[in-house]
Novice: 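I'd like to ask some things about the structure below.
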Amino acid sequence: MDSSSATPTPTPITEGTQSSIGTSGTQPSETPTSTPNLVTDSQVPTIENVASVPPPTSASLPPSDSVKRKNQSIAWEHFTRLTNPDGSKLARPRAKCKHCPQTYAVDSKSNGTTNMRTHLLYQCRKSPLFIPAKKQRYLAFDSIENGVM
């Protein structure tokens, strides 16, 4: 490529230099510029600086008991956790619906509460949250009484 077709690179304007931009014979208006904060060598993290910081003590960390989360799903108002006969937790946690005998897996790592909410809203006819389907799912016939249909 020849040098005539290359675009010129702008030169940065620094303090104390005048710009050739503007009308002839006048200086550009001066605008206040903020000076960047300079970082000293003592502020730059180095291996020596990082190694001198003490590790957090166990006294500054909250106890693990206070970190436990509360069951926030509405499903937990209608389900009870099942336990072993001796009162200990099950190896694979399950919960039973308070309105019917249906049970669901409720392990917090692999199962959520969506299956329980779906049961309450669309499957458990005894649930106060039950929403009947708009479409007919089951055939319903009038019973034949006295030979009249």
Side-chain angles (χ1 to χ4, degrees), residues 1 3 5-17 19 21-22 28-149:
M1 241 203 290
S3 63
S5 66
T7 58
T9 58
T11 57
I13 301 174
T14 59
E15 274 187 51
T17 62
S19 171
I21 303 173
S29 63
E30 293 187 24
T31 57
T33 58
S34 62
T35 58
N37 294 335
L38 299 176
V39 178
T40 62
D41 289 336
S42 64
Q43 294 173 336
V44 176
T46 62
I47 295 174
E48 293 82 23
N49 293 350
V50 173
S52 66
V53 176
T57 60
S58 62
S60 65
L61 299 175
S64 61
D65 297 338
S66 65
V67 182
K68 186 172 179 175
R69 293 183 56 178
K70 183 183 175 209
N71 294 330
Q72 296 179 349
S73 175
I74 192 170
W76 288 113
E77 295 175 13
H78 302 275
F79 279 84
T80 54
R81 283 191 184 269
L82 298 177
T83 59
N84 286 327
D86 62 350
S88 63
K89 292 183 180 180
L90 294 172
R92 293 187 177 168
R94 294 194 67 81
K96 181 187 174 299
C97 178
K98 291 181 180 179
H99 310 290
C100 68
Q102 186 68 37
T103 63
Y104 288 96
V106 293
D107 186 20
S108 63
K109 301 284 184 195
S110 59
N111 308 104
T113 57
T114 303
N115 55 355
M116 295 189 296
R117 283 194 320 256
T118 302
H119 171 75
L120 290 171
L121 294 174
Y122 305 111
Q123 296 170 354
C124 185
R125 295 180 183 271
K126 296 178 183 178
S127 168
L129 303 176
F130 179 70
I131 301 171
K134 291 183 180 182
K135 295 181 180 180
Q136 181 178 354
R137 290 183 136 183
Y138 303 101
L139 291 176
F141 295 104
D142 290 333
S143 63
I144 300 175
E145 293 180 12
N146 300 329
V148 178
M149 195 169 208

Novice: Tell me, with the steps shown, if Leu129 and Arg117 meet side-chain contact (heavy atoms from CB on, under 4.5 Å).
Specialist: CA-CA 9 Å; Leu129 303 176; Arg117 283 194 320 256; over 6 Å; no
Novice: Looking at SG of Cys100 and CZ of Arg125, how far apart are the two atoms once the value is rounded to the nearest 0.5 Å?
Specialist: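 Cys100 atom SG to Arg125 atom CZ measures 11.5 Å (nearest 0.5 Å).
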Novice: Could I get the full list of side-chain contact (heavy atoms from CB on, under 4.5 Å) partners for Pro132, not counting sequence neighbours?
Specialist: Phe130
Novice: Rounded to the nearest 0.5 Å, what's the gap from CD on Gln102 to SG on Cys124? Could you check?
Specialist: 9.0 Å
Novice: Of all the heavy-atom pairs spanning Ala75 and Met116, show the shortest one and how long it is.
Specialist: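 Looks like CB-CB, 3.8 Å.
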Novice: In Å and rounded to the nearest 0.5 Å, what is the NE2 to CG distance from His78 to Leu120?
Specialist: 5.5 Å
Novice: Relative to each other, are the rings of His119 and Phe79 parallel, tilted or perpendicular (30° and 60° limits)?
Specialist: perpendicular
Novice: I would like to know whether Thr113 and Trp76 meet side-chain contact (heavy atoms from CB on, under 4.5 Å); could you show each step before the answer?
Specialist: CA-CA 8 Å; Thr113 57; Trp76 288 113; 3.6 Å; yes
Novice: Rounded to the nearest 0.5 Å, how far does NZ of Lys89 lie from CZ of Arg81?
Specialist: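 Rounded to the nearest 0.5 Å, the CZ-NZ separation comes out at 7.0 Å.
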Novice: Return the set of residues passing side chain to side chain donor-acceptor pair (under 3.5 Å) with Arg92 (not counting sequence neighbours), or none when no residue passes.
Specialist: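 If we apply the side chain to side chain donor-acceptor pair (under 3.5 Å) test to Arg92, skipping adjacent residues, there are no hits.
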Novice: Sequence neighbours left out, what passes side chain to side chain donor-acceptor pair (under 3.5 Å) with Thr118? Give chain and number order.
Specialist: none
Novice: Not counting sequence neighbours, which residues clear side chain to side chain donor-acceptor pair (under 3.5 Å) with Asp107? List them please.
Specialist: Ser110
Novice: Could you pull out all residues at least two apart from Glu77 that satisfy side-chain contact (heavy atoms from CB on, under 4.5 Å)?
Specialist: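 In terms of side-chain contact (heavy atoms from CB on, under 4.5 Å), with neighbours along the sequence ignored, Glu77 is linked to Ile74.
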Novice: Can you list everything that forms a side chain to side chain donor-acceptor pair (under 3.5 Å) with Ser88? Sequence neighbours excluded, please.
Specialist: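 For Ser88 the side chain to side chain donor-acceptor pair (under 3.5 Å) partners, ignoring immediate neighbours, are Asn84, Asp86.
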